[in-house]
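Atom set for the values below is all heavy atoms of this structure, side chains included, hydrogens, waters and symmetry mates excluded.
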Amino acid sequence: MRTRPLKVALLGCGVVGSEVARIMTTHADDLAARIGAPVELAGVAVRRPAKVRAGIDPALVTTDATALVKRGDIDVVVEVIGGIEPARTLITTALEHGASVVSANKALLAQDGAALHAAAEEHGKDLYYEAAVAGAIPLIRPLRESLAGDKVNRVLGIVNGTTNFILDKMDSTGAGYQEALDEATALGYAEADPTADVEGFDAAAKAAILAGIAFHTRVRLDDVHREGMTEVTAADFRSAKRMGCTIKLLAICERAEDGASVTARVHPAMIPLGHPLASVRGAYNAVFVESDAAGQLMFYGPGAGGAPTASAVLGDLVAVCRNLLSGTTGPGESAYAALPVSPMGDVVTRYHISLDVADKPGVLAQVATVFAEHGVSIDTVRQQGKDGEASLVVVTHRAFDASLSGTVEALRKLDTVRGVASIMRVEGE
Ligand code: NDP
Ligand code: HSE
């Protein structure tokens, strides 16, 4: 074993960074044996240097992250600050100064992954980010390496722990949205700005990363159709239950049937209670990968939180250190397929639409006509009347999203339709 240690700079020492530092210290001997050299924490960059950080030598703490990554003797930079800047500049500077990089930063990778991969390749260094998607669950490496010989057609799952925690609480305990969000934040699951979680930006960033790797195509955050979960109500959960479903925020990346394009989307959806995703509780994540030869694979585990995320970071750290010692690098970006990313209107799925309508003769026929005119076939209709008004729940067969949007627009114009209470896609059947 080499006795000279590999030096690691830790950028950020919050929920994830503090656990990375803890495991590096407590598992130091095992990590050294697995890598073939000891790893030394050479510096820790933070914003508030005076904060007491258990297990961290105060002499290592600095607010000058730039100077730390420019030192020249750093072998690996672990970026767990989050956000776009200064993380992007720090990662680029680290690569320029000869360090490989491990990051958990999905927002940055979804936005600038191509440029960061190019910088890593230019400088002959690694850029690893297993922790950026689905916390502890090994997903990036299986997609990039284990399935490299197969053809992935679909990646579908729950990739945000905070929103799954909130939806699960709302469904199982009747908790209010804000109460559940506050609890998820206190447990360290939420992003610095939880809007990123609840409005679906975090899941969309993960979908972009997964789609890019799965389909060997550059997919950016802006390519992902995104709807958050802030408008999911207790009434939606009641409707879902009546259909034998629950509601989850799903990320779905699909190759078109003709293989010529891909789509990526994030939105709340009803899924049958019998589907494995329905039983994913709390901050757990689960992702299905469907490929030509392997068939259907399911990845499941803790999707957020300090220690689970640190597990993925440490796995990358070991891989990157091994590569450094053997003078090699791992696989970089693979975007050779360069498939176009189609808009949401091209997606085909089923819908659950809840309408408030006038309870009088001919209304049902009028509503059904609008669906037919837009080529959307109805599967079931349920009507409940009360005081001259009625609630009408329509579940469709599979239809284009664009056709459904046209249907809803036309329904809103009918005098007899008082309002569209909710529209939810139905997946997993
Ligand atoms: P935290 O907010 O808990 O920690 C951020 C850390 O970065 C803090 O230590 C903070 O310093 C430091 N920091 C902020 N700005 C600067 C700066 N300009 N220079 C130096 N240090 C700075 O975030 P998390 O640990 O939760 O998340 C980190 C990353 O990991 C993010 O990219 C996140 O998306 C990702 N991630 C998080 C998961 C989770 O469950 N929390 C799961 C998977 C990925 P100080 O301590 O002084 O405030
Ligand atoms: N905020 C993210 C989540 C952290 O809740 O899933 C893990 O990426």
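Proximity of Tyr284 to Pro302: side-chain heavy atoms (C-beta onward) are separated by under 4.5 Å at one or more points. Using a 4.5 Å heavy-atom threshold, the side chains of Arg53 and Arg48 count as touching. Counting only heavy atoms from C-beta outward, the side chains of Val347 and Phe400 never approach each other to under 4.5 Å. Counting only heavy atoms from C-beta outward, the side chains of Val393 and Ile353 never approach each other to under 4.5 Å. The closest side-chain heavy-atom distance from Arg255 to Leu339 is below 4.5 Å. Annotation: side chain of Leu317 is in contact with side chain of Met24 (closest heavy-atom distance under 4.5 Å). Considering only heavy atoms from C-beta on, Thr263 stays 4.5 Å or farther from Met344 through its side chain.
Considering every non-hydrogen atom in both Arg218 and Ala335, the closest pair reads CG-CB, 3.9 Å. In plain terms, the two heavy atoms of Gly305 and Val15 that are nearest each other are C-CG1, 4.3 Å. Taking every heavy atom of both residues into account, Val80 and Gly12 meet most closely at CG2-O, 3.4 Å. Scanning all heavy atoms of the two residues, the minimum distance from Ala207 to Val224 falls at CB-CG1, 4.1 Å. Listed here is the closest heavy atom pair of Ala214 and Val155: CB-CG2, 3.9 Å. Residues Leu314 and Leu31 come closest through the heavy atom pair CD1-CD1, 3.8 Å.
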- Could you check Arg22 against Glu19 for salt bridge (Lys or Arg N to Asp or Glu O under 4.0 Å), going step by step and ending with a plain yes or no? CA-CA 5 Å; Arg22 181 185 66 76; Glu19 284 298 308; 2.7 Å; yes
- Message: Run Thr62 and Leu68 through side-chain contact (heavy atoms from CB on, under 4.5 Å) and show every step you take.
- Response: CA-CA 8 Å; Thr62 176; Leu68 179 58; 4.3 Å; yes
- Could you walk me through whether Ser261 and Ser342 pass the side-chain hydrogen bond (donor to acceptor under 3.5 Å, both in side chains) test, one step at a time? CA-CA 6 Å; Ser261 62; Ser342 299; 3.1 Å; yes
- In sequence, state the C-alpha distance, the side-chain angles, and the governing distance for Ser291 and Asp150, and then conclude on side-chain hydrogen bond (donor to acceptor under 3.5 Å, both in side chains). CA-CA 7 Å; Ser291 67; Asp150 204 342; 2.7 Å; yes
- Query: Where do Leu156 and Leu277 land on the side-chain contact (heavy atoms from CB on, under 4.5 Å) test, with the steps shown first?
  - Reply: CA-CA 10 Å; Leu156 170 148; Leu277 288 178; 3.2 Å; yes
- Task: Could you give me the CA-CA distance, side-chain angles and deciding distance for Val77 and Val102, then say whether side-chain contact (heavy atoms from CB on, under 4.5 Å) is met?
- Result: CA-CA 6 Å; Val77 166; Val102 173; over 6 Å; no
- Evaluation steps, salt bridge (Lys or Arg N to Asp or Glu O under 4.0 Å), between Arg425 and Glu227: CA-CA 11 Å; Arg425 296 177 187 89; Glu227 292 168 31; 3.0 Å; yes
- Could you check Ile158 against Leu250 for side-chain contact (heavy atoms from CB on, under 4.5 Å), going step by step and ending with a plain yes or no? CA-CA 5 Å; Ile158 296 166; Leu250 298 183; 3.9 Å; yes
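Under 3.5 Å, the side chains of Asp182 and Thr185 contain no donor-acceptor pair of N or O atoms. Side-chain atoms of Thr92 and Glu96 include no donor-acceptor pair closer than 3.5 Å. Side-chain contact annotation: His216 with Ser334, donor-acceptor N/O pair under 3.5 Å present. Under the 3.5 Å distance criterion, with hydrogens and angles disregarded, a donor-acceptor pair is assigned to the side chains of Thr246 and Asp171. Looking only at atom types and distance, the side chain of Thr163 has no donor-acceptor partner in the side chain of Asp197 under 3.5 Å away.
Here the OG atom belonging to Ser422 is positioned 6.0 Å from the NE2 atom belonging to His352, to the nearest 0.5 angstrom. To the nearest 0.5 angstrom, Phe215 atom CZ is 7.5 Å from Asn153 atom CG. Remark: Tyr189 OH to Leu181 CG distance equals 13.0 Å, nearest 0.5 Å. In this structure, the separation between NE2 on His97 and NZ on Lys70 is 5.5 Å, given to the nearest 0.5 Å. For the atom pair OH (Tyr128) and OG1 (Thr329), the distance works out to 7.5 Å, reported to the nearest 0.5 Å. One finds the CD1 atom of Ile252 at 4.5 Å from the NE2 atom of His267 (value rounded to the nearest 0.5 Å).
The pair Asp316-Arg141 meets the salt-bridge criterion, with a side-chain N (NZ, NE, NH1 or NH2) lying under 4.0 Å from an Asp/Glu carboxylate O. A salt bridge between Glu427 and Arg265 is present, with a side-chain N of the basic residue lying under 4.0 Å from a carboxylate O of the acidic one. For Lys248 and Asp168, the salt-bridge test fails: no basic side-chain N is under 4.0 Å from an acidic carboxylate O.
Within a 6.0 Å radius of CD in Glu85, more than 12 heavy atoms belonging to other residues, nucleotides or ligands are found. In the displayed structure, Glu231 atom CD is contacted under 6.0 Å by at most 12 heavy atoms of other residues, nucleotides or ligands. Atom CZ of Arg2 has more than 12 heavy atoms from other residues, nucleotides or ligands within 6.0 Å. The local environment of CD in Glu199 is crowded, with over 12 non-hydrogen atoms from other residues, nucleotides or ligands closer than 6.0 Å. Within a 6.0 Å sphere centred on CG of Asp73, heavy atoms belonging to other residues, nucleotides or ligands number more than 12.
Formation of a donor-acceptor pair under 3.5 Å by the Ser326 side chain with backbone atoms of Arg322 is found in this model. Panel note: side chain Asp75, backbone Leu6; no donor-acceptor pair is recorded below 3.5 Å. Within the 3.5 Å criterion, the main-chain N or O of Tyr351 finds a donor-acceptor partner in the side chain of Thr396. Distance alone, capped at 3.5 Å, places no donor-acceptor pair between the Glu254 side chain and the Val262 backbone. In this structure, Lys7 contributes its side chain and Glu40 its backbone to no donor-acceptor pair below 3.5 Å. The main-chain N or O of Gly330 is found under 3.5 Å from a side-chain atom of Asp126 such that the two form a donor-acceptor pair. The backbone N or O of Thr328 lies less than 3.5 Å from no partner atom in the side chain of Asn323, so there is not a single donor-acceptor pair.
Aromatic pair Tyr129/His117: centroids less than 6.0 angstrom apart.
Aromatic ring pairs are classed by plane angle as parallel below 30°, tilted from 30° to 60° and perpendicular above 60°; the pair Phe288 and His275 is perpendicular.
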Solution key, residues 103-115 side-chain donor-acceptor pairs under 3.5 Å, sequence neighbours excluded:
residue: Ser103; atom: OG; partner: Glu79; partner atom: OE1; Å: 2.7
residue: Ser103; atom: OG; partner: Asn105; partner atom: N; Å: 3.0
residue: Asn105; atom: OD1; partner: Ala107; partner atom: N; Å: 3.4
residue: Asn105; atom: OD1; partner: Leu108; partner atom: N; Å: 3.0
residue: Asn105; atom: ND2; partner: Glu79; partner atom: OE1; Å: 3.3
residue: Asn105; atom: ND2; partner: Gly83; partner atom: O; Å: 2.8
residue: Lys106; atom: NZ; partner: Glu191; partner atom: OE2; Å: 3.1
residue: Lys106; atom: NZ; partner: Asp202; partner atom: OD1; Å: 3.1
residue: Asp112; atom: OD2; partner: Arg88; partner atom: NH1; Å: 2.4

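Annotation: side chain to side chain donor-acceptor pair (under 3.5 Å) contacts involving residues 296-306, sequence neighbours excluded, comprise Glu290-Gln296.
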